[in-house]
**Q** 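Pasting in a structure now, in structure tokens, and then I'll have a few things to ask.
Only a predicted model underlies this, so the values are computations on that prediction, with no experimental measurement involved. Lettering follows sequence order; numbering is per chain, from 1.
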Protein chains: 2
Amino acid sequence: MFKRSPSLTEQTKQYIKERIIRNEFAEGRIPSEHELAATLGVSRTTIRDALARLELEGAIVRKQGAGTFVNKLGLQIRSRLEEIWSYEEVLRAHGYTPSVRVLQLKTIPASPDTSALLHVKAGEPMLLIEKLFLEDENPVILTQNTLPKKLLRHKFDAEDCQRPIYDFIAHSCDQQLAYYLSDIVPLLAGAEIGKLLQIDAQTPLLSFAEVGYNPDNRPILQSASYFRDDLLRFRIMRRQTP
Amino acid sequence: MFKRSPSLTEQTKQYIKERIIRNEFAEGRIPSEHELAATLGVSRTTIRDALARLELEGAIVRKQGAGTFVNKLGLQIRSRLEEIWSYEEVLRAHGYTPSVRVLQLKTIPASPDTSALLHVKAGEPMLLIEKLFLEDENPVILTQNTLPKKLLRHKFDAEDCQRPIYDFIAHSCDQQLAYYLSDIVPLLAGAEIGKLLQIDAQTPLLSFAEVGYNPDNRPILQSASYFRDDLLRFRIMRRQTP
DNA sequence: AAGTGGTCTAGACCACACT
DNA sequence: GTGTGGTCTAGACCACTTA
């Protein structure tokens, strides 16, 4: 039934997910692992791996001795904080039709703060990319990405800057962005950010203060993101750890 | 080497974690899965399950073809948002010595908001438990938990209210709190909360607006939590999804 | 070429929930 | 008791990194 690539586990996961979304399981009950394995012609291990991923996503719940069940509430979660998304994807997941505007693209000297976080010399030339993500002319997200100019390996144009920052880094720096460490910070918009997001300076905002790392755990990117709480709210599922 | 219970996977995970914390792996390199399996006398599957959990926790990184490595930065993360913690644990993880004060314990009618979220009639009698978590006389976290009185099955005393809310529910309601759906909301402290947390009304705060569900996906608890950003900041690891 | 983690199989037994 | 998910085994082959 399935091909070799992508992995059987991934195909199994997608197959089950689609059936969940199409509401094909009566009373939210998913067939037993043995039954799925027999039906799809794969081993139970493969089924279990697929179900484990769906459980992580919050789409299903497994109950020992009872069965596996759809979690309709978990399916509603639009953006999981533990994953790196492009903000265009995030907006689309919320039902918006996003657009991107590059507000600034310039070279600045590394601030003491930045130099400490990214392990570069103070004053080192950095590339700053400031972007605004809009939904139908309404600004929703403001991001400021700062990376050392010395990482740049290839030329890039204005269009490259519009792409998600991990794409930009992959293509312009031959680097891979493996993960962020992100502080979740509430703050007042203030005059500057407020003006860009078209909200009052006294409005409370959610922001991410992040450092991005490559697979070797070297910091390569500093990032600050500001979200209009009235247009975009993060929702997470928090589980009991057994 | 290991006993039967808890699971071999769990014991293996703890064993490796302790060795990581004791810094026993040269250059952060963890022995290969085959080697670990041979050394510990368990199957490679068990080793892989244990490593998968450690990877989820952010403690290690696995690189196909290269090996498995300690992630010192991931180890620093003190509280992972995707898990339910008692706030006393959270504070201890941040190096604090927490104390709890029950500020309010009273019956109130369900607000329209609450009745919609918990699927109870408007005006239905609810139990409100308001608690303050302090570090050495400094208030850090304020929580307000609201649950339908009709769920209460057993008597409880003042001491019971001090315990984590999922303990309270387990003992007083014979219910299990399986997961929360939590909105992450930035807001201004305001006069009331500001007074309790001893901060200015104009201070921006992080808050969780949560609904807690039992294993059958029924809402049983509404919860609001407010955090002093200067004393407690949430940090998460965000990964690329391959 | 050798060694690593990633995928997958077929099977076994256990703990738990239903009824 | 029957069926479910949870744990565990022993083995195979693949994709990738490193030297």
**Q** Starting at atom CG of A:L40, determine the distance to atom C1' of C:dT9, rounded to an integer number of angstrom.
**A** 15 Å
**Q** Give the C-alpha distance, both sets of side-chain angles, the deciding distance and a yes or no for side chain to side chain donor-acceptor pair (under 3.5 Å) between A:T12 and A:T9.
**A** CA-CA 5 Å; A:T12 301; A:T9 301; over 6 Å; no
**Q** Is a donor on one side and an acceptor on the other found under 3.5 Å between the side chain of B:N214 and the backbone of B:D216?
**A** yes
**Q** Calculate the interatomic distance between A:E10 atom CD and C:dT7 atom P; express it in whole Å.
**A** 9 Å
**Q** State whether A:E33 and A:R48 are salt-bridged, where the test is any N-O pair (Lys NZ or Arg NE/NH1/NH2 against Asp/Glu carboxylate O) under 4.0 Å.
**A** yes
**Q** Which residues, if any, of residues 49-59 of chain A bring a heavy atom under 4.0 Å of DNA chain C?
**A** none
**Q** Are A:D49 and A:R44 within salt-bridge range, i.e. N to O under 4.0 Å?
**A** no
**Q** Are B:E57 and B:R53 within salt-bridge range, i.e. N to O under 4.0 Å?
**A** no
**Q** Looking only at side-chain atoms of A:E33, point me to the closest of C:dT7, D:dG5, D:dC8.
**A** D:dG5
**Q** Whole Å only: how far is the CZ atom of B:R29 from the P atom of C:dT4?
**A** 7 Å
**Q** B:V42 side chain: which of C:dT9, D:dG5, D:dT9 is closest?
**A** D:dT9
**Q** Among all residues two or more places apart in sequence or in another chain, which pass the ring-ring contact (aromatic ring centres under 6.0 Å, His included) test with B:F156?
**A** B:F168
**Q** Which whole-number value in Å describes the distance from B:K13 NZ to D:dT7 P?
**A** 12 Å
**Q** With the criterion being N/O to N/O and under 3.5 Å, what pairs connect the protein with nucleotides 11-13 of chain C, and how long is each?
**A**
residue : atom : partner : partner atom : Å
C:dA12  : N6   : A:R44   : NH1          : 3.4

**Q** Run the salt-bridge test on A:E159 and A:R163 with the 4.0 Å N-O cut-off and return the result as yes or no.
**A** no
**Q** Determine: side-chain N/O of B:R48 to OP1/OP2 of C:dG6, distance under 4.0 Å, yes or no.
**A** yes
**Q** More 5' along DNA chain C: B:G67 or A:T46, using each one's nearest nucleotide?
**A** B:G67
**Q** Quick one: is D:dA10 close enough that its OP1 or OP2 comes under 4.0 Å of any side-chain N or O from B:S43?
**A** no
**Q** Which comes earlier along DNA chain C counting from the 5' end, the contact point of A:G41 or that of A:G65, where each point is its nearest nucleotide?
**A** A:G41
**Q** Under the side-chain contact (heavy atoms from CB on, under 4.5 Å) rule, collect the residues that match up with A:L81, sequence neighbours excluded.
**A** A:I184, A:F208, A:F234, A:I236, B:L81, B:I184, B:I236
**Q** Please map the stems of DNA chain C, keeping only stretches of three or more Watson-Crick or G-U wobble pairs with both distances under 3.5 angstrom.
**A** C:1-18 with D:1-18
**Q** Which comes earlier along DNA chain D counting from the 5' end, the contact point of A:T68 or that of B:A66, where each point is its nearest nucleotide?
**A** A:T68
**Q** Considering only residues two or more places apart or on different chains, which pairs with a residue in residues 75-95 of chain A satisfy ring pair (Phe, Tyr, Trp, His ring centres under 6.0 Å)?
**A** A:Y87-A:F133, A:Y87-A:F227
**Q** Can we say B:D174 and B:R153 salt-bridge, meaning some charged N sits less than 4.0 Å from an Asp/Glu carboxylate O?
**A** no
**Q** May I ask you to say whether B:K150 pairs ionically with B:E124, meaning some side-chain N is under 4.0 Å from a carboxylate O?
**A** yes
**Q** Provide, to the nearest angstrom, the distance between the CD atom belonging to A:Q11 and the C1' atom belonging to C:dG6.
**A** 15 Å
**Q** Is the closest basic N to carboxylate O distance between B:E24 and B:R22 below 4.0 Å?
**A** yes
**Q** Measure CD/A:Q64 against C1'/C:dC18 and give the value in whole Å, please.
**A** 13 Å
**Q** Take the protein atom CZ of B:F69 and the nucleotide atom P of C:dG5, then report the distance between them rounded to whole Å.
**A** 8 Å
**Q** If I take atom NZ in residue A:K63 and atom P in nucleotide C:dC18, what distance separates them, rounded to the nearest angstrom?
**A** 8 Å
